[in-house]
S.K.: 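I have a structure I would like to understand better, so I am pasting it below and will then ask my questions one at a time.
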Amino acid sequence: MKFLNETLYNRSALDALVRIGGYTIKQQTNRRNRLLILAAALIGIALGYVQQFGPPLFVALCRACGFSFLLVALFFPFVQRFPNFYYAKNPETRRIAFFEGGFGPPVEGAVRFPYSDLREVVTTRDWIALFWDEKHGFILDRAGFYEGRAEEFLAFLQEKTALRFTDLPI
């Protein structure tokens with residue numbers, strides 16, 4: 001075992017995870033969702049004009065849908081929320097071990113996740129957040145390392161993932 005972290009998942013940790021998510025992966029997801037709706041709008045408008053000599057109801061529906069999607073893409077605030085965590089009401093201490101080949105619970109026979117599954121690493125003054133998609137991630141307390149130090153861990157993680165870390169001033 002190279003590193004061992006113990007973090008209390010309480011309101012403070014979850015608030016930090018939500019704030020970090022608000023700055024990073026959620027913004028990328030919001031852009032993607034907005035672009036998909038904008039593409040649907042352009043397709044609807046284009047179909048409405050290409051089919052000008054088709055059935056009037058079909059043309060009107062294509063145009064109406066296209067313009068509706070366009071309004072949604074331009075003016076709707078795309079904000080995704082992290083799920084309501086069980087830990088907010090029942091704080092729990094989580095221990096995560098980091099080995100050469102992966103990370104997971106520090107017990108023999110437990111599932112180890114490969115470092116290649118990580119999509120983004122975000123650091124703040126007090127926390128390190130590891131995400132593997134838009135809605136899944138976990139947070140590590142910088143002061144919670146029992147084996148190794150946070151700075152050594154980040155260097156180790158940089159070597160294993162080759163990801164560019166995001167450092168947030170929060």
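Note: hydrogens, waters and symmetry copies are ignored here, and every other heavy atom, side chains too, is used.
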S.K.: State which residues pass side chain to side chain donor-acceptor pair (under 3.5 Å) with E100; sequence neighbours excluded, sorted by chain then number.
M.R.: K160
S.K.: Given side chains that start at C-beta, do those of W127 and S12 come closer than 4.5 Å, heavy atoms only?
M.R.: yes
S.K.: Can you tell me how far apart CG (L130) and CD (E120) are? Round to the nearest 0.5 Å.
M.R.: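 The distance works out to 10.5 Å.
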S.K.: In chain order, what residues pass the side-chain contact (heavy atoms from CB on, under 4.5 Å) check against D126, with sequence neighbours excluded?
M.R.: none
S.K.: What residues, two or more places apart in sequence or in another chain, satisfy ring pair (Phe, Tyr, Trp, His ring centres under 6.0 Å) together with F3?
M.R.: F153, F156
S.K.: With a 4.5 Å limit on heavy-atom distance, are the side chains of L14 and Y9 in contact?
M.R.: yes
S.K.: Who passes side chain to side chain donor-acceptor pair (under 3.5 Å) against T7, sequence neighbours left out?
M.R.: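 With sequence neighbours excluded, T7 shows a side chain to side chain donor-acceptor pair (under 3.5 Å) to N5, given in chain and number order.
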S.K.: Of all residues at least two apart in sequence or in a different chain, which pass the salt bridge (Lys or Arg N to Asp or Glu O under 4.0 Å) check with E147?
M.R.: none
S.K.: Heavy atoms, side chains only, cut-off 4.5 Å: are I139 and D141 in contact?
M.R.: no
S.K.: Test ring-ring contact (aromatic ring centres under 6.0 Å, His included) on W132 and F138; report intermediate values, then the result.
M.R.: CA-CA 9 Å; W132 51 88; F138 59 92; 5.6 Å; yes
S.K.: For residues 111-118, which side-chain donor-acceptor pairs fall under 3.5 Å, sequence neighbours excluded?
M.R.:
{"residue": "R112", "atom": "NH1", "partner": "P105", "partner atom": "O", "Å": "2.8"}
{"residue": "Y115", "atom": "OH", "partner": "F99", "partner atom": "N", "Å": "3.3"}
{"residue": "Y115", "atom": "OH", "partner": "F99", "partner atom": "O", "Å": "2.5"}
{"residue": "Y115", "atom": "OH", "partner": "G102", "partner atom": "O", "Å": "3.2"}

S.K.: Taking all non-hydrogen atoms of both residues into account, name the closest pair between G137 and L17 and its distance.
M.R.: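 Looks like O-CD2, 4.5 Å.
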S.K.: Of all residues at least two apart in sequence or in a different chain, which pass the side-chain contact (heavy atoms from CB on, under 4.5 Å) check with F165?
M.R.: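 If we apply the side-chain contact (heavy atoms from CB on, under 4.5 Å) test to F165, skipping adjacent residues, the hits are V121, L154, L157, Q158, T161, L163.
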S.K.: Apply salt bridge (Lys or Arg N to Asp or Glu O under 4.0 Å) to E151 and list each qualifying residue two or more places apart in sequence or on a separate chain.
M.R.: R142, R149
S.K.: So, do F131 and V122 sit near enough that their side-chain heavy atoms are less than 4.5 Å apart?
M.R.: yes
S.K.: Is there a side-chain contact between L4 and F98, using heavy atoms and a 4.5 Å cut-off?
M.R.: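 A side-chain contact under 4.5 Å is absent here.
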S.K.: If you round to the nearest 0.5 Å, how far is CD1 of I128 from OG1 of T123?
M.R.: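 Reported to 0.5 Å precision, the distance equals 7.0 Å.
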S.K.: Quick one: list whatever passes side chain to side chain donor-acceptor pair (under 3.5 Å) with T124, sequence neighbours left out.
M.R.: none
